[in-house]
Each structure stands twice: as C-alpha cells, then as structure tokens.
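A quick write-up on the structure given underneath.
Basis for what follows: all heavy atoms, side chains included, without hydrogens, waters or symmetry-related copies. Not measured: the values here are computed from a predicted model.
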Amino acid sequence: MPVLQTARFNLPLLVVSQAQKEVTHNEALVRIDALLHAMVESVLSIPPTLNESDIGNCWLIESGAIGDWAGKSGQLAIWTGNDWRFIDPIDGMRLRLRDEKSDAVFDGQNWVFAPIINTPSGGNVIDVEARQALTSILQHLRSTGCVTR
C-alpha cells in the first residue's frame with residue numbers, strides 16, 4: 001500500500017481500509033504541533049540532554065551535527081519522548097528562536113537569521129529626537145524578532 005503524504009511537509013495521510021489509522025494520524029499531529037507557529041529552543045549541533053518536560057520541544061540542527069542528528073543539518077528536530085522526528089524546511093518557512101528571542105526564515109537553501117543592529121550611541125553630532133525615534137523602532141523590531149540585540 002503506498003504511503004500518501006501532503007505536498008508541503010510530507011504529513012502522512014490516511015488511506016482507505018488502512019489498519020492502525022491512529023499511528024498515521026498521531027504522526028501527522030506531532031508534526032503539525034511542531035510546525036504550527038514553529039518555535040525552536042535553540043540552534044545546536046549536538047542533541048541536548050532531555051527530560052519529560054522536553055516532549056514536543058524542537059531544535060534547529062546546526063551544520064556539523066553529530067550523534068542522532070548526524071546528516072540532519074538545517075532540519076528541525078522534534079523530541080517525542082522516546083525518539084526524534086525530523087522535518088525538512090521549505091522555502092519561506094519561518095520560525096522563532098526561543099533563546100535568541102528572534103526569528104529565522106528559510107530561503108530555500110539556508111536559514112536567514114534576523115540581523116544584529118545596535119542601538120545608536122556616540123557620534124560628533126547627536127540629534128536626541130532622531131536617536132529616540134531610532135531606539136523606539138529598534139525596540140519594536142526586537143520585540144517582533146525582526147532584528148536582534
């Protein structure tokens with residue numbers, strides 16, 4: 001029996017007269033749970049030490065990954081409690097990095113991370129109003145993950 005999958009994220013689809021449909025359905029729910037408003041704990045190359053409270057958490061796998069993540073660079077790793085699920089990103093996919101409080105977007109080949117823009121300081125001529133406006137804009141962009149510190 002062929003395995004049917006969705007086009008974008010290869011979520012498993014149920015098949016007519018399939019046995020144990022709950023396995024396929026539950027696998028799809030695990031992936032949807034990770035991908036809907038995707039949030040990763042961090043970008044790592046080594047799988048973290050995990051406990052019961054980590055079930056459902058995700059990490060973005062850095063290049064040069066080792067162990068269970070070897071050969072999975074750029075993918076999302078989802079901890080299910082006893083095993084990893086790996087998701088290949090698609091062009092335009094966006095995720096939030098919890099530890100950095102910033103966003104990343106997949107451009108079809110690489111993850112593009114929010115740039116670091118420092119708050120204005122110093123200079124020979126200081127325009128206080130302009131500096132306050134820039135600082136307010138940067139604070140807002142940081143709060144939305146568009147730029148980092």
side-chain contact (heavy atoms from CB on, under 4.5 Å) between Val43 and Trp111, intermediate numbers included:
CA-CA 11 Å; Val43 181; Trp111 285 99; over 6 Å; no
Whether Arg142 side chain and Lys101 backbone form a donor-acceptor pair below 3.5 Å:
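Absent.
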Exercise: identify the closest heavy-atom pair between [X] and [Y]:
X      : Y      : result
Cys58  : Met39  : CB-O, 3.6 Å
Ser73  : Ser63  : OG-CA, 3.2 Å
Thr135 : Thr119 : OG1-CG2, 3.6 Å
Ile66  : Pro47  : O-CD, 3.5 Å
Asn110 : Asp107 : N-OD1, 2.7 Å

Nearest 0.5 Å please: distance from the OG atom of Ser121 over to the CD1 atom of Ile126.
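The distance works out to 8.5 Å.
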Could you state the interatomic distance from CD1 (Ile117) to SG (Cys146), rounded to the nearest 0.5 Å?
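One gets 9.5 Å once the value is rounded to the nearest 0.5 Å.
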Would a single hydrophobic cluster contain both [Y] and [X], if residues Ile, Leu, Val, Met, Phe, Trp and Tyr are joined by side-chain heavy-atom contacts under 4.5 Å?
X     : Y      : value
Leu95 : Val105 : no
Phe86 : Trp79  : yes
Ile90 : Ile87  : yes
Met93 : Ile78  : yes

Could you list the residues that satisfy side-chain hydrogen bond (donor to acceptor under 3.5 Å, both in side chains) with Asp88, not counting sequence neighbours?
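Partners of Asp88 by the side-chain hydrogen bond (donor to acceptor under 3.5 Å, both in side chains) criterion, ordered by chain and then number, come out as Gln75.
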Should we say atom CD1 of Ile46 is surrounded by more than 12 heavy atoms from elsewhere, each under 6.0 Å from it?
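Count not over threshold, so no.
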Going by the side chain to side chain donor-acceptor pair (under 3.5 Å) test, which pairs reach into residues 38-56, not counting sequence neighbours?
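Qualifying pairs: Glu41-Arg98, Ser42-Asp99, Asn51-Ser53, Asp54-Asn57.
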Measure up the Trp69 and Trp84 rings against each other and bin them: parallel (under 30°), tilted (30 to 60°), perpendicular (over 60°).
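If you compare the ring of Trp69 with that of Trp84, the planes turn out perpendicular.
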For a 4.5 angstrom cut-off between non-hydrogen side-chain atoms, does [X] reach [Y]?
X      : Y      : value
Phe106 : Leu76  : no
Arg96  : Asp103 : yes
Ile116 : Glu100 : no

